[in-house]
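Only this structure's heavy atoms are used, side chains among them; waters, hydrogens and symmetry mates stay out. Each chain gets a letter, A, B and so on, in the order its sequence line appears, and its residues count up from 1.
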Number of protein chains: 2
Amino acid sequence: MQPSLASGDPTPRARVQDEIRRDIIFGKLPAGTRITESSLATKYGISRVPVREALRALEVEGFVESKPFAGSTVSEIPVDDADDLFAVREALEAATARRAARRAAAQFSAGGPDTQWWETRRELAAILDEGDEAVASGQVELLPELNIRFHLGVAELSRSSSLTALLRQIAGKIEWLYASDVDSRGIRSWAEHRGIMAAIDAGNAEAAEQGMAAHVHGSRSGYLSRFKEKDANAM
Amino acid sequence: MQPSLASGDPTPRARVQDEIRRDIIFGKLPAGTRITESSLATKYGISRVPVREALRALEVEGFVESKPFAGSTVSEIPVDDADDLFAVREALEAATARRAARRAAAQFSAGGPDTQWWETRRELAAILDEGDEAVASGQVELLPELNIRFHLGVAELSRSSSLTALLRQIAGKIEWLYASDVDSRGIRSWAEHRGIMAAIDAGNAEAAEQGMAAHVHGSRSGYLSRFKEKDANAM
DNA sequence: CATACAGCGATTGTATTCAATCTCACATTT
DNA sequence: AAATGTGAGATTGAATACAATCGCTGTATG
């Protein structure tokens, strides 16, 4: 699996894949835009082959749609699916938080040092500090990126590659939803992260699960209330 | 998006991708197996380029893991994630069933004929008939494939490509779990499909959602009870 | 005037070729 | 003897070249 939190991409293919995804999420490539492989190849200074590989991956991720011999286009922003995506994310992240807490508890009871776990845990601490600093200095525009990294970090602590992969996809969609309309998430939402992290560190699976579920649920409510005038059918 | 139910794959890349996935799910490629691009290329009589594209897609799908310049290996069967995967699937499919029912209701109230919807609906009817026939003739080995097609068909009725894509991935994992240990699913489980379909057709969103949730929940319980002796830690 | 269709430019899909990197065995050193 | 450095072979990553298909325009035809 590619390094999820710190993306030190060694190959052009991975780098281009991330670049295209970002361009889609942040609106540089609007929905419906036709994507030609040649243009991307020349734009990033590489050949078509790695571009094609990136497109195949992004197709599975749901950001582009391709038809054989007809080319690729940017997918529609899943705004109609927002409510359901949040619901799935709630179930998903409740599971990752619970598992992360379980694993933290196991960390003190027995077994080796598990350097990988501590590495991720340390990274999460840095993310929390960075986010607090961003809040203190008023740079709320940094929060969305940090928010994703925090949640993916918790998923990584859960040591479930399946759940982490699923969250990565849903998180991408959620980010897409936010970025298309609003530039930053709430500050209060960020503050809840500390509590979740504390529950995980304490090995309290129930508290971690419920804390994460409430956190995501609140995020969902915030999102829906913000856009309720646009989507009257949502709920 | 690729044709999900009837997979008429025009390009070798898509065909090989499906073939590799099947080989992984049904154990021909055990977990941890090292995959070299050349071997797959010669095996399927194509060059390495489409094989690489297939591998990039399967990597996102979670069936293989790759490290730059080091090659790809078959991922571990997500047996530890089974419980959580079922939980996520329950939330996911409850949403697709509810949306499918909503869309069915809208079908009669207003709007054009929506041939695409009816096409999928007709395909679902055929799947149900096929499954019943398989049950009647004792060919339970056909049920897993039909089961996936039914659930993906409902997702397609929901007209949410995001949810459908997510379900496709989770369904792949679930199938992987089943195929690795047990050859067929229960007959009773199949019989529940008719009720869900009826709720969708009636446009009864609540009944569809709850029926699907109960169906998936029962499937989860059945799976866990069957393997509870192997995984004592799974709840 | 609407319509079918043939040709052509553009684009995608694949094959081939070359460059970059990793793995692993083996020799060397402490 | 254990650890470390080194080089050959194998494998992946990417670039280029070629084949197959699509979409569109322009024309001929009823």
Undergrad: Do E175(B) and R21(B) sit within salt-bridge range, that is, some charged N less than 4.0 Å from a carboxylate O?
TA: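 Looking at R21(B) together with E175(B), the answer is no, because their closest N to O distance does not fall below 4.0 Å.
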Undergrad: Around atom CD of Q139(B), are there more than 12 heavy atoms from other residues, nucleotides or ligands closer than 6.0 Å?
TA: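 Enclosed.
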Undergrad: Would you find a donor on one side and an acceptor on the other, under 3.5 Å apart, between the side chain of S75(B) and the backbone of F63(B)?
TA: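 Confirmed, S75(B) side chain pairs with F63(B) backbone.
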Undergrad: So if I apply the side chain to side chain contact (heavy atoms under 4.5 Å, CB included) rule between I35(A) and each of T73(A), L40(A), V51(A), which one comes out positive?
TA: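 Exactly one option meets the side chain to side chain contact (heavy atoms under 4.5 Å, CB included) with I35(A), and it is L40(A).
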Undergrad: Regarding D80(B) and R159(A), does a basic nitrogen lie under 4.0 Å from an acidic carboxylate oxygen?
TA: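 Judged by the 4.0 Å cut-off on N to carboxylate O distance, D80(B) and R159(A) do not form a salt bridge.
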Undergrad: List the protein contact pattern of nucleotides 8-15 of chain C with one symbol per nucleotide (5' to 3'): B for base contact, S for sugar-phosphate-only contact, - for none; contact means a heavy-atom distance under 4.0 Å.
TA: ---SBBBB
